[in-house]
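I have placed the structure first, in the form of structure tokens, so that the comments after it can refer back to it.
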Amino acid sequence: MKSVVLEKVTSLNHQASEAYKSLRSNIEFCGDDVRVIAVTSCLPNDGKSSTAFNLAKSMAENGDKVLFIDADLRKSVMVGRYKATGQITGLSSFLSGRCSADEVLYSTNIQNLHMIFAGHVPPNPAELLGNKFFRVLIDSGRKYYDYVIIDTPPLGAVIDSAIVAKECDGVMLVVSQGNIRRRFAIDILSQLKKANVRVLGAVLNKVDMESDSYYGRYYGKYYGKYYGQYYGKSEGEK
Ligand SMILES: Nc1ncnc2c1ncn2[C@@H]1O[C@H](COP(=O)(O)OP(=O)(O)O)[C@@H](O)[C@H]1O
Ligand SMILES: [Mg+2]
């Protein structure tokens with residue numbers, strides 16, 4: 001298997017790592033049949049990629065064998081954000097039949113964590129994710145790993161994550177505080193349910209621990225607030 005070094009993985013502070021531990025155990029309580037999990041949200045910048053990666057890392061550190069798949073074929077941040085060194089062949093090459101699954105699978109410097117990066121941006125991401133290669137990949141992931149965590153684009157912008165989630169045991173919705181209207185979240189949930197996807201639950205991200213009285217009272221510390229940019233129109237989507 002090829003290997004990659006993620007040079008820029010920073011360790012989480014105590015509060016954040018405790019939050020991931022409880023997320024991990026909530027997932028364990030969903031049952032043994034919940035092992036392939038897609039992570040999505042309504043909007044860009046809610047924290048899907050960070051949540052998915054940190055959850056995968058937390059599971060790996062706990063001794064589980066984890067495969068992280070970056071299925072945000074439109075706007076992947078993984079290689080740049082974690083400074084993955086070396087020549088990387090990604091998921092889009094495999095899905096378009098240009099290489100084998102072995103060629104896109106990487107072991108990392110985090111024990112028990114393997115990764116598949118997104119690769120070059122293809123012209124037809126939704127079509128590629130809906131093809132049989134993706135299903136085959138998920139099936140073999142299920143055989144060899146305890147958990148497969150899949151990062152996806154926002155469902156409010158493009159359909160990719162619903163396509164991915166259909167192949168998964170469940171989907172986790174990341175919601176960032178103050179970034180979304182209730183109506184929009186409800187629409188996204190009904191979109192997932194219509195696609196017959198099991199919604200495992202939601203993660204409330206970017207909670208301002210200082211100003212929020214409920215969280216502030218219990219945890220009392222700033223955890224991070226971020227105002228992101230909207231994705232705009234997705235590339236490749238008609
Ligand atoms: N809990 C948090 N606190 C502070 N910043 C965060 C938090 N979660 C994510 N971010 C930051 O927000 C930005 C968007 O996060 P990302 O995970 O890439 O979102 P998405 O994948 O939903 O577009 C990144 O710069 C990330 O570092
Ligand atoms: Mg992302």
Side-chain angles (χ1 to χ4, degrees), residues 6-24 37-58 68-84 90-92 115-122 125-126 129 149-165 168 171-181 184-185 188 192 201-212 214-216 218-237:
L6 305 174
E7 283 182 9
K8 223 179 144 188
V9 177
T10 46
S11 47
L12 297 170
N13 66 26
H14 177 69
Q15 259 181 322
S17 62
E18 286 302 307
Y20 280 106
K21 269 186 212 160
S22 80
L23 178 59
R24 204 177 67 205
I37 299 164
V39 179
T40 192
S41 76
C42 304
L43 297 169
N45 281 312
D46 278 326
K48 291 172 289 302
S49 301
S50 324
T51 305
F53 182 78
N54 285 318
L55 172 66
K57 179 168 166 277
S58 168
F68 179 96
I69 302 178
D70 183 358
D72 189 347
L73 300 182
R74 297 164 194 268
K75 200 186 178 197
S76 170
V77 295
M78 288 298 155
V79 171
R81 181 172 295 171
Y82 299 110
K83 277 206 183 305
L91 181 63
S92 55
M115 287 188 72
I116 294 180
F117 295 90
H120 294 297
V121 180
L129 291 166
I149 305 296
I150 309 175
D151 186 22
T152 68
L155 197 47
V158 289
I159 193 68
D160 307 16
S161 54
I163 295 171
V164 168
C168 299
V171 62
M172 209 169 76
L173 198 65
V174 178
V175 177
S176 63
Q177 194 185 34
N179 191 31
I180 184 160
R181 285 176 192 277
F184 193 17
I188 296 294
L192 288 167
V203 169
L204 183 62
N205 193 30
K206 301 189 180 183
V207 176
D208 185 341
M209 296 298 199
E210 240 167 32
S211 72
D212 188 292
Y214 177 80
Y215 295 99
Y218 288 97
Y219 304 106
K221 232 180 161 187
Y222 186 72
Y223 176 45
K225 192 167 187 177
Y226 180 90
Y227 297 101
Q229 259 189 340
Y230 194 75
Y231 242 21
K233 222 171 153 207
S234 55
E235 310 98 2
E237 189 72 352

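Just so you know, these numbers use all the heavy atoms, side chains as well, and skip hydrogens, waters and symmetry mates. Indexing begins at 1, ligand by ligand and atom by atom, following the structure's order.
For Ser41, the side chain to side chain contact (heavy atoms under 4.5 Å, CB included) criterion is met by Asp46, Lys48, Pro154, Val174, not counting sequence neighbours. Taking Ala52 as the reference, Val39, Phe68, Ile149, Asp151 meet the side chain to side chain contact (heavy atoms under 4.5 Å, CB included) condition, with sequence neighbours excluded.
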Begin with the C-alpha distance, continue with both residues' side-chain angles, and end with the deciding distance and a verdict on side chain to side chain contact (heavy atoms under 4.5 Å, CB included) for Phe53 and Leu6.
CA-CA 12 Å; Phe53 182 78; Leu6 305 174; 3.9 Å; yes
The test is side chain to side chain contact (heavy atoms under 4.5 Å, CB included); show your working for Leu23 and Thr51 and say whether it passes.
CA-CA 10 Å; Leu23 178 59; Thr51 305; 4.2 Å; yes
Show the numbers, then the answer: is there a side chain to side chain contact (heavy atoms under 4.5 Å, CB included) between Ile150 and Cys168?
CA-CA 9 Å; Ile150 309 175; Cys168 299; 3.7 Å; yes
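Checked by distance only, ligand 1 and Arg81 come closer than 3.5 Å through their nitrogen or oxygen atoms. Geometrically, ligand 1 and Pro44 share no nitrogen or oxygen pair separated by less than 3.5 Å. Considering backbone and side-chain N/O atoms, Thr51 never comes within less than 3.5 Å of an N/O atom of ligand 1.
The side chain of Asn205, and not its backbone, has at least one atom closer than 4.0 Å to an atom of ligand 1 (non-hydrogen atoms only; side chain from C-beta on).
Atom 15 (O) of ligand 1 has its nearest heavy-atom neighbour, among Ala16, Ser50, Pro154, Ser49, in Ser50.
Among the atoms of Ser49, an N, O or S atom is found under 2.8 Å from the Mg ion (ligand 2).
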